[in-house]
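Everything numeric here is computed off the predicted structure, so don't read it as measured data.
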Amino acid sequence: MAAKLFESIGKLGLGLAIAGGVVNSALYNVDAGHHAVIFDRFRGVQDLVVDEGTHFLIPWVQKPIIFDCRSRPRNVPVITGSKDLQNVNITLRILFRPISSQLPRIYTSIGEDYDERVLPSITTEILKSVVARFDAGELITQRELVSRQVSEDLTERAATFGLILDDVSLTHLTFGKEFTEAVEAKQVAQQEAERARFIVEKAEQQKKAAIISAEGDSKAAELIAVSLAEAGDGLIELRKLEAAEDIAYQLSRSRNVTYLPPGQSTLLQLPQ
């Protein structure tokens, strides 16, 4: 009796295990920010896009392909040429994600590694097309315009492959060695020209100052001559008194000067 009971329990347990395995294989999860495409062995890729959550499928017949639909960054370096034939090294940072409704078409025509197959090629194409419209100087002074033009063209191009570009920005922009050396030489020449202009302006100012000073001296001499003609020797005597007063003031402040009483010619009584 006990043997039959254990045999029944074993069969029941085996049946439950098989049923659990079947149920588990018929369930799959789609995480947050992801979507799934169902591949059916008999009907191919289904047009229905599965949202987040737990879902059922037919084991062995159907297989879920999970896509990450969150925005992801990617840096694409490109070497191209400007309008004036200068080599330009550009790195473009792209924030992209697939269009959920077009996941079946993306999986069928491109594959799961759509970003590796699409983004490098279309980025290189658009960058070369846009950069060729500007010369090297304009790429620096009009960088915002270049970035906006690249973003508009690249967004439109990516949409044909079922991709959305949330952000496109130029993170790195350098030129060839020859152009860099030419820019440095130009800056040095500009600095030398500014220095020469400053020297010329300084000389002009010094010349004007000398002319003004000479005119002032001439005017002063003319006024003195007029005063002498009108006042005679009185003006000269006045200037002598002023000069003597100034000398006396300066001597009074010196420690090496000693004043003697009137009529005394020596300071020390030296032996005869």
Once you round to the nearest 0.5 Å, how far does CG of L48 lie from CG of D40? 12.0 Å
For P73, does its backbone N or O pair with a side-chain atom of R93 as donor and acceptor, under 3.5 Å? no
Looking at E204 and K207, does any basic side-chain N land under 4.0 Å from a carboxylate oxygen? no
Contact between R143 and V146 at the side-chain level, heavy atoms closer than 4.5 Å - yes or no? no
Answer yes or no: does atom CD of E52 have more than 12 heavy-atom neighbours from other residues, nucleotides or ligands under 6.0 Å? yes
Check: R117 side chain, G111 main-chain N or O, donor-acceptor pair, under 3.5 Å: no
Taking all non-hydrogen atoms of both residues into account, name the closest pair between S71 and L95 and its distance. CB-CG, 4.0 Å
For G44, does its backbone N or O pair with a side-chain atom of Q46 as donor and acceptor, under 3.5 Å? yes
Non-hydrogen side-chain atoms of I38 and Y28 separated by less than 4.5 Å: yes
Tell me, with the steps shown, if D153 and R157 meet salt bridge (Lys or Arg N to Asp or Glu O under 4.0 Å). CA-CA 6 Å; D153 294 354; R157 189 78 172 89; over 6 Å; no
Heavy-atom side-chain proximity of L92 to V78 below 4.5 angstrom: no
If we ignore hydrogens and angles and just use 3.5 Å, is the side chain of S213 paired with the main-chain N or O of A209 as donor and acceptor? no
Any idea which heavy atoms bring V49 and P104 closest together, and the distance? CG2-CD, 3.6 Å
Side-chain donor/acceptor of E201 to backbone N/O of F198, under 3.5 Å: no
Side-chain touch V150/I90, heavy atoms, less than 4.5 angstrom: no
Could you walk me through whether I211 and K208 pass the side-chain contact (heavy atoms from CB on, under 4.5 Å) test, one step at a time? CA-CA 5 Å; I211 293 174; K208 291 180 180 179; 5.7 Å; no
Taking the side chain as every heavy atom from C-beta outward, state whether F96 and R72 have any atom pair closer than 4.5 Å. yes
With a 4.5 Å limit on heavy-atom distance, are the side chains of L103 and C69 in contact? yes
Measuring from atom CZ of F56 to atom CG of L27, what distance do you get when rounded to the nearest 0.5 angstrom? 4.5 Å
For the pair T155 (side chain) and E152 (backbone), establish whether a donor and an acceptor sit closer than 3.5 Å, ignoring hydrogens and angles. no
Examine distances only and state if a side-chain atom of Q62 and a backbone atom of I58 form a donor-acceptor pair shorter than 3.5 Å. yes
